[in-house]
Structure formats: C-alpha cells, structure tokens
Undergrad: 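Here it is, the structure in full.
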There are 2 protein chains.
Amino acid sequence: MQRRHEKSEQTRELILATALQLFVERGFFATSVHDIRRAAGLSIGSIYHHFPSKEAVARALYNDLVARMTGMVESACSGHQTVRDRSRAVAELLCQATLESPALVTFVLHARHREFLSDAPPVCSTRPFELMQEMVRDGIASGELRSMDVVSASLALFGGVIRLIQLALDGVLQRPLTDYLDEVLEAGWRAVVSE
Amino acid sequence: MQRRHEKSEQTRELILATALQLFVERGFFATSVHDIRRAAGLSIGSIYHHFPSKEAVARALYNDLVARMTGMVESACSGHQTVRDRSRAVAELLCQATLESPALVTFVLHARHREFLSDAPPVCSTRPFELMQEMVRDGIASGELRSMDVVSASLALFGGVIRLIQLALDGVLQRPLTDYLDEVLEAGWRAVVSE
DNA sequence: GTCTATAATTTGATAGAC
DNA sequence: GTCTATCAAATTATAGAC
C-alpha cells in the first residue's frame, strides 16, 4: 500500500517534471496534453487520472515551484543579519538557481501565468518577493538603507539583478551570468545605501 | 485607386489594432482568428486577405510597435546632451507610454514573443534597447558614468525603471506609476554616476 | 476586397476494458 | 492506476460566389 502510493507519487512527479520542461520550452498553449503524454511515456488516461485538466497541471507546478523558491529565499535570508549580506545572499541564490534549474526560474519568474492560470496572483505579490520587500523595509527602519519608499527601494536594489536574470533566461548575455552579478549587485547597493 | 488603397490600409490597421488589444488582453494563443474577426466586425476572408496567417498578424504588429518605440526613444534622446538628462527623458517617455498606450508597451516589453514568433529576436536586442545601451557606453567613455561594464551599467541604471513598468503593467502597484518614478530614477543614477 | 461555407487538423477531455 | 479508443468542440486556413 505504501509502495503503491510511492509509485503513484512518482508518476505524478514525472508528469509535473515533463510538463515543466515543455511549458518552459514552448509555452503552455503550444504544449498539448498529448505532447506531455508522449514525452513522459505515459497514456492520456494516466495523466487525467492524476490531474483533472491541463490547467490543473500548470497550477500544481506553479504552487510547487513558488513553494520551493520561498524555501530557498527564506534560508538565504536567515543565514545573515544585515540587509547588505542578506540581499547579496538572495541575489546569489537567484543566479545560482537560474544556472542550476533554469526551468524552475523561468516558470516562476518569466512566464505569463495570468494567461493560463485564471486566478494566479501576480508573481511579484508572491511570498519570495514579499520576503525581499520585508528585508528592505527592515533596512530602512534600522537606518542601514536611506529613507525612501519601500517599493522604490526594492526596485532600486533588486531591479538590476532581476533584469540580469531575465536577460540570462532570454539567452542574450554574451558572458556568463556570474560575470555581471557582482557589479550589478554593488550598483544596486549604491542606489539605496544610507549616505 | 488612391481611395481603394486607403480603404484597404484602413482595414489592415483595424485588424492590427483589434489583434493588439486581444493579444494583450488574453494572449496570442488564447485569441483565435474568429475572435479578431468578431471584435473587428470583419469576416474571416477579409483577415486572411490582408495577412497570410495569424502569426503574420503578430509579426506585423511586433515590427510596427518596435518601430514606433524606436522613434519615441530616438526623439527623447536627441533632445538632451548629458546621459543624466537623456536617461531621465527616456525613462519618463517609457512611463508616459505605459500610461497612454499600455497595450503598446505590454506587447513590446512584456509579451513572450518567442513563444509565437518563431524567429523574433529577443526584445532586449532590439533597437530601443540598443539606443539605451549606446547612451550608457557614451557616458562611461566621457567620464560622466563610472568605469564599469556597459551591460552591468545599463541594468543598474534602467533595471529599476523597467521593473517598475513591469509591475505597473501587472497591476500590482498601489499608487500611480509616476509616484515612484523620480525616486527609482534617482536611485538608478546613484548606482552608476561617477564618484 | 469582402463575404459565407466548409475543409482538415488538433485540441482537451471522457468511457470503459483490464 | 494505467491503458486504448473515441468524442465533441474549436482551430487555422482555403474555396469560390459576389
């Protein structure tokens, strides 16, 4: 019975992993359920046994990946005290994730979810982004960052890094992502640091 | 004969305008040619007379809008000498365009063209972005900006503003876009200014 | 140039055997 | 739980009258 459950869980994960790859490669609408079936080596029936619809696959994927990214950002934050160190840790984490699991980052950060997930909240109002904003809020309160609007400060501090990642995912960077990170991060810091 | 040509051109423009609105509202794949037909008050035959395929409509739209945005950025640049003034003019222009023609900016800046235009170059390697990068290159050469990598500097200077516009288009800003612009722009400037 | 009617495929999803 | 066979609807695109 435990065995059965594990097997079922494996199939579910296979469906999600296959769908993620195809959604990122071709987009949600250009991927049919039959494409997923073929790539996963399963049958249509099996897929519809695990998920009620194609949209439900995307929804499960979205929730799983946002949760994973939330955990990553939380652990990066908790290892440091100052905003300076925390923001660096988060930025490095995002870049590392982009290199190691581009599909994850692409789907969370780069896909237009509203186009296919009728009720998904915009990515930017999701937990990982909230954490980054809280970090900035704390930094302003403690005086480590200059006194300015929290949203503006978040954009100034992380805007460059996020754009950097978007460019990397679009494949338009000539040099490796990490070559730019330090300079962009340092610049973001100059933009918001007190004095 | 001139009249006929004008009428034909009008129909073409109507198709493009209608398609733009629907593509931005629901996305390319969630918009069928019949949706465009219905919204434009035309027949399928008329649409296929002007464009060989739905993809061709999107392609024409993409080229038209990138050209329009190129013109806007060029004229914003040409009115000023320093990078400081130019970058401000471009940022203000982008924000103004976002408010006045959100569909234009959404389609150019915010859509995943590669998903439906097989051969479209990434937006970031498009003329308006080249212009912004040239501006930064000049600023570094003249000493107005600190000596750093051109791509990193572009990201640092404009990353916040572009992210700001993305948030505005996603509808997640609580206050009007223009409320944030000055602070984000000023922060981007601190990030790259010499000294 | 614009229309209606329709062809040819593909799509998301279901039924029911095993 | 997994499979095959199949459906109904929607999709892109074409044909041919006017």
Undergrad: Between A:Thr11 and B:Glu55, just flag the one whose closest nucleotide in DNA chain D comes earlier from the 5' side.
TA: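 Its nearest nucleotide being more 5', the pick is A:Thr11.
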Undergrad: With sequence neighbours left out, what residues match A:Arg114 under salt bridge (Lys or Arg N to Asp or Glu O under 4.0 Å)?
TA: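 Salt bridge (Lys or Arg N to Asp or Glu O under 4.0 Å) check on A:Arg114 returns nothing, list empty.
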Undergrad: Grab the CZ-C1' distance between A:Arg59 and C:dG12 for me, whole Å please.
TA: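 These atoms are roughly 16 Å apart.
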Undergrad: Please write out each protein N/O paired with an N/O of nucleotides 14-16 of chain D under 3.5 Å, distance rounded to 0.1 Å.
TA:
none

Undergrad: Please name all residues satisfying salt bridge (Lys or Arg N to Asp or Glu O under 4.0 Å) with B:Asp35, sequence neighbours left out, ordered by chain then number.
TA: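 Expected list: B:Arg26, B:Arg38.
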Undergrad: Is it the case that the side chains of B:Arg88 and B:His80 hold a donor-acceptor pair, with the cut-off being a distance below 3.5 Å and no angle test?
TA: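 B:Arg88 and B:His80 do not have a side-chain donor-acceptor pair below 3.5 Å.
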Undergrad: Cut-off 3.5 Å, no hydrogens considered: what does the side-chain donor-acceptor table look like for residues 186-195 of chain A, sequence neighbours left out?
TA:
residue, atom, partner, partner atom, Å
A:Glu186, OE1, A:Arg84, NH2, 3.1
A:Glu186, OE2, A:Arg84, NH2, 3.1
A:Arg190, NE, B:Ala191, O, 3.0
A:Arg190, NH2, B:Ala191, O, 2.7
A:Ser194, OG, A:Gly143, O, 3.2

Undergrad: Kindly indicate, with the supporting measurements, whether the criterion salt bridge (Lys or Arg N to Asp or Glu O under 4.0 Å) is fulfilled by B:Arg137 and B:Glu134.
TA: CA-CA 5 Å; B:Arg137 193 189 313 278; B:Glu134 276 172 27; over 6 Å; no
Undergrad: Round to the nearest Å and state the distance from A:Arg38 atom CZ to D:dC3 atom P.
TA: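 After rounding, the reported distance stands at 15 Å.
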Undergrad: Quickly work out the A:Arg37 CZ to C:dT14 P distance and round it to whole Å.
TA: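 Taking atom P of C:dT14 as the reference, CZ of A:Arg37 is at 17 Å.
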Undergrad: Side-chain donor-acceptor pair under 3.5 Å between B:Thr31 and B:Glu25, yes or no?
TA: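 No donor-acceptor contact under 3.5 Å links the two side chains.
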Undergrad: In whole Å, I'd like the distance from the CZ atom of B:Phe51 to the P atom of C:dT2.
TA: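 Atom-to-atom, B:Phe51 to C:dT2, this comes out as 12 Å.
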Undergrad: Start with the C-alpha gap between A:Leu20 and A:Leu65, add the side-chain angles, then the distance that decides, and say whether side-chain contact (heavy atoms from CB on, under 4.5 Å) holds.
TA: CA-CA 10 Å; A:Leu20 171 61; A:Leu65 298 184; 3.8 Å; yes
Undergrad: Centre-to-centre under 6.0 Å for A:Phe107 and A:His113, is that the case here?
TA: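 Between A:Phe107 and A:His113, the centre distance is under 6.0 Å.
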Undergrad: Taking atom P of C:dG1 as reference, at what distance in whole Å does atom CG of B:Leu42 sit?
TA: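 Taking CG of B:Leu42 and P of C:dG1, I get 14 Å after rounding.
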Undergrad: In whole angstroms, how far is the C1' atom of C:dT2 from the CD1 atom of B:Ile15?
TA: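 Between C1' of C:dT2 and CD1 of B:Ile15: 11 Å.
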Undergrad: So what does B:His50 touch, heavy atoms closer than 4.0 Å: a base, only the sugar-phosphate, or nothing?
TA: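 Result for B:His50 = sugar-phosphate.
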Undergrad: In residues 21-32 of chain B, which ones come under 4.0 Å of DNA chain D, going by heavy atoms?
TA: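 B:Thr31, B:Ser32, in order of number.
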Undergrad: A:Phe116 has an atom CZ; how far is it from atom P of C:dT11, in whole Å?
TA: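 Whole-Å distance recorded here is 17 Å.
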Undergrad: Can you tell me which nucleotide in C:dA13, D:dT2, C:dG1 comes closest to the side chain of B:His49?
TA: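 Nearest nucleotide to the side chain: C:dG1.
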Undergrad: Whole-Å distance between D:dA5 P and A:His34 NE2?
TA: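 The distance from NE2 of A:His34 to P of D:dA5 comes to 13 Å, rounded to the nearest Å.
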Undergrad: The criterion is ring-ring contact (aromatic ring centres under 6.0 Å, His included); which residues satisfy it with A:Phe158, sequence neighbours excluded?
TA: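 Once residues adjacent in sequence are excluded, A:Phe158 has no partner under the ring-ring contact (aromatic ring centres under 6.0 Å, His included) criterion.
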Undergrad: Of all the nucleotides listed (C:dA13, C:dC3, D:dG1), which has the minimum atom distance to the side chain of A:Ser8?
TA: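 Nearest listed nucleotide: D:dG1.
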